Structures are given as C-alpha cells and as structure tokens.
> 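This structure is in structure tokens; I'll ask about it shortly.
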There are 2 protein chains.
Amino acid sequence: MLSKKTQYAFHALVHLAENVDKGPILISEIAQEKNISIKFLENILLELKNAGILGSKKGKGGGYYLMRPPKEIALAKIIRLLDGPIALLPCVSLNYYERCENCRDEAVCGLNEVMGKVRDSALKILENKTLKDILTRN
Amino acid sequence: MLSKKTQYAFHALVHLAENVDKGPILISEIAQEKNISIKFLENILLELKNAGILGSKKGKGGGYYLMRPPKEIALAKIIRLLDGPIALLPCVSLNYYERCENCRDEAVCGLNEVMGKVRDSALKILENKTLKDILTRN
DNA sequence: CATAAAACCTATAAAAAAGATAGACTAATA
DNA sequence: TATTAGTCTATCTTTTTTATAGGTTTTATG
C-alpha cells in the first residue's frame, strides 16, 4: 500500500492540476479541499518542490503550482519520490535494488522471476499514466 | 514492498515444496537453509498452519509440510494472509476495502480508476502463479 | 516602510508497525 | 520416561509513519 504521504501528494497534485489556470494555490486551500492536515501537507509539498515537480511563490498571492503540464508528470515518479520502491521485493527493484539475503542465486530464483513480472506490469501503467490521467472524470 | 515476514514465508514455502517427498521438514532446517531467525520463522509457519496452508507433526520425526500440492497454492493468498492488501490504495482493495477520505466521489476519481488497473494487472499474475512457479529453476 | 500573508525550515513527538526474542507448554516417538 | 519438536503467548526493540510546533524568510501592498 502507498503511504498516506503519497496518497495525499496525489490528491494535492490533482487539485493543482485542476486549477492550473488560477495561478498559485494556497496550501490551506488544498488541505481543506482534500481533508488533509495542513502541516503535514506543507512538508509534502515542500518535498515535491525540492524534487522540481512543484514551484512556489511566497507572500501575498503566493502558493504552489505545477512546474510542468500534468501530462508530463508520471505517477511512478511521485511514488518513487515519496514512497520508495514500486517493486514488491528489493531484489527486483530497478531504483532501489538490494541483493536477496535468503536465496543462493537470484538468476535461478523463481520468486525473483515472478516478482519481476509483477513489477513490469505495474510499471507499464505507472510510468505511462500521468497526472492528467487521474483528474476527476466528468 | 512485501514485509520480511512475507518474504521469509515465500522462501520457507519454496523449501518445503522442493522437499515434498522427504516428509515433515524441521523449522530449524528451513531457518538455516534460508538464513532466517528461527524464532521469527516459527511464528510465520504457525500462521501458515492456522490458515490451513501447512500441516505439522510434533515430536521426533516431526516438522512442517504442505497441505496441498505446490501448484494449488497461489502467491496472492500468501501475500494477503501475511501482508494484507495487494492494492496500492485502500479504496481499490478487493479484500481490505476502505472508503477514500480525501476524495468526494470514488466513481469519478481518476486515481481510483488507474490504481484499480494496477491492482488488476498485479492480481492477474499473483492469483495465477503458484508455489510451483517460484521453485528454483535448473 | 510597515504590515500581513504565505511559504520555508528544522526539530521533535506520538503512534503504529515491523522485526525479533524468550520461555514455558504440549504432543509424539523411541 | 527422556528427548524431540512444534505451540502458544507475551514482550521487547527498532524503525517507520504520521503529525505537530514554532520560528524564519520572502513578497505584495497600502
């Protein structure tokens, strides 16, 4: 399961994407709209900003905004940033690989093989679906 | 990511499956072979037993054994038992569903839709692949 | 230039989950 | 009846997650 942090991030990003034309959006607005603790959300948005996904403006009339169009922000990127590996096992993770401590040889480990397939099938979706794809349907 | 508990369970089950013809297998043998804390493994095997996946025999000559042939034990079942939901979000979980607290209507939530697809693609593999499929390839 | 608005930053705390261990109990076998 | 091996329950430690607190900096504007 994705952490609350990542879940909140997705909802916040959706709100930002649905209001791209309205200039910078307040943290407090997002928090209220999406029912998220404002202080917790603050940290999350900051992290997204430091990763180059969001931009911000301070002071009156300030707030957060997307640095790129929604269709260029892949879901996988957000998950990896805030949650870490997408794979179910460290030994099949592309970005957070760790050697398996419990098997002798990953090259012949059947678990490794199957979990690699699960990773691929998830990535096929998460690398290609973007913020644009998770906006509210009407 | 799967918890250590689930990872250990898979490795233990593989060992049992690879030795079905040898009668009951000792916890201590599995622990040593797979490099797992024996006491921790004890709890895990007990949980698998209580779920009807393993059987056991006490006393000399005792140990654990599979209750069904490896090809009848789906990977999804093990994950759900020890790790809980396979889905990335509570609101798309088939077995551990929880309403989303952050969106107004799941029926029009794009995140819900995409994560549902991720769940389906993972389940397609995890419901169909069994213990037999994760044995060591030779 | 003073004020208020709003993001920034760092630290810490509280809660929950994960990982691991301890030790006494029960059943089976020889 | 001694030994072997799983059973049960409790506890402990560590890590991760979730959340909060409070001061700092930047910017717009009257």
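Labels below follow one simple rule: chain letters A, B, ... track the order of the sequence lines, proteins then strands, and each chain is numbered from 1. All of these numbers come straight from a predicted model, not from anything done at the bench. Keep in mind that the numbers below use all heavy atoms, side chains included, and drop hydrogens, waters and symmetry copies.
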> Looking only at the side chain of A:K57 (C-beta and beyond, no hydrogens), which of the listed nucleotides C:dA27, D:dA28, D:dA19 gets closest?
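The closest nucleotide is D:dA28.
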> Side chain of B:N43, heavy atoms from C-beta onward: which of D:dT20, C:dT21, C:dC9 has the nearest atom to it?
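My answer, after comparing the listed nucleotides, is C:dT21.
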> Judged by each residue's nearest nucleotide on DNA chain C, which is more toward the 5′ side, A:G62 or A:N50?
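The residue mapped nearer the 5' terminus is A:G62.
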> Starting at CD1 of A:I44 and ending at P of D:dT20, how long is that distance when rounded to a whole Å?
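Answer to the nearest Å: 12 Å.
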> Has B:Y8 got a side-chain N or O lying under 4.0 Å from the OP1 or OP2 atom of C:dA20?
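Yes, within the criterion.
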> Go through the structure and list residues passing side-chain contact (heavy atoms from CB on, under 4.5 Å) with B:V20, not counting sequence neighbours.
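Result, side-chain contact (heavy atoms from CB on, under 4.5 Å) vs B:V20: B:L66.
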> Is A:S37 close enough to D:dT20 that one of its side-chain N or O atoms is under 4.0 Å from OP1 or OP2 there?
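So the side-chain polar atoms of A:S37 do come within 4.0 Å of the phosphate oxygens OP1 or OP2 of D:dT20, strictly under.
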> Assuming nearest nucleotide by heavy-atom distance, tell me which of A:K4 and A:K60 is located more 5' along DNA chain D.
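In this pair, the answer is A:K4.
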> For the side chain of A:E106 and the backbone of A:R99, is there at least one donor-acceptor N/O pair under 3.5 Å apart?
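Pair absent, no side-chain N/O of A:E106 close to backbone of A:R99.
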> Which comes earlier along DNA chain D counting from the 5' end, the contact point of A:K5 or that of A:G61, where each point is its nearest nucleotide?
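Of the two residues, A:K5 wins.
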> Just to be sure I understand the rule, does B:K39 reach a base, reach only the sugar-phosphate, or reach nothing, if contact means heavy atoms closer than 4.0 Å?
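Result for B:K39 = base.
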> May I have the distance from B:L2 (atom CG) to C:dA18 (atom P), rounded to whole angstrom?
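Nearest whole value for this atom pair: 12 Å.
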> Give a yes or no on this: more than 12 heavy atoms of other residues, nucleotides or ligands lie within 6.0 Å of atom NZ of A:K34.
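Result for NZ/A:K34: enclosed.
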> Which side chain to side chain donor-acceptor pair (under 3.5 Å) pairs, counting each pair once, include a residue from residues 66-78 of chain B, with sequence neighbours left out?
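Every pair satisfying side chain to side chain donor-acceptor pair (under 3.5 Å) with a residue in residues 66-78 of chain B: B:R68-B:E72.
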> Evaluate A:I30 against A:L45 for side chain to side chain contact (heavy atoms under 4.5 Å, CB included), listing each step before the verdict.
CA-CA 10 Å; A:I30 304 173; A:L45 296 182; 4.2 Å; yes
> What is the distance from NZ of B:K58 to P of D:dA2, rounded to the nearest Å?
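B:K58 atom NZ is separated from D:dA2 atom P by 20 Å.
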> If I take atom CE from residue A:M1 and atom CE from residue B:M115, how far apart are they, to the nearest 0.5 angstrom?
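Interatomic distance, A:M1 CE to B:M115 CE, rounded to 0.5 Å: 11.5 Å.
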> Can you list, by residue number, the residues of residues 19-35 of chain B that have a non-hydrogen atom closer than 4.0 angstrom to DNA chain D?
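Per residue number, the list reads B:I25, B:L26, B:I27.
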> From B:D133 CG over to B:L126 CG, what is the distance, rounded to the nearest 0.5 angstrom?
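Reported value, rounded in 0.5 Å steps: 11.0 Å.
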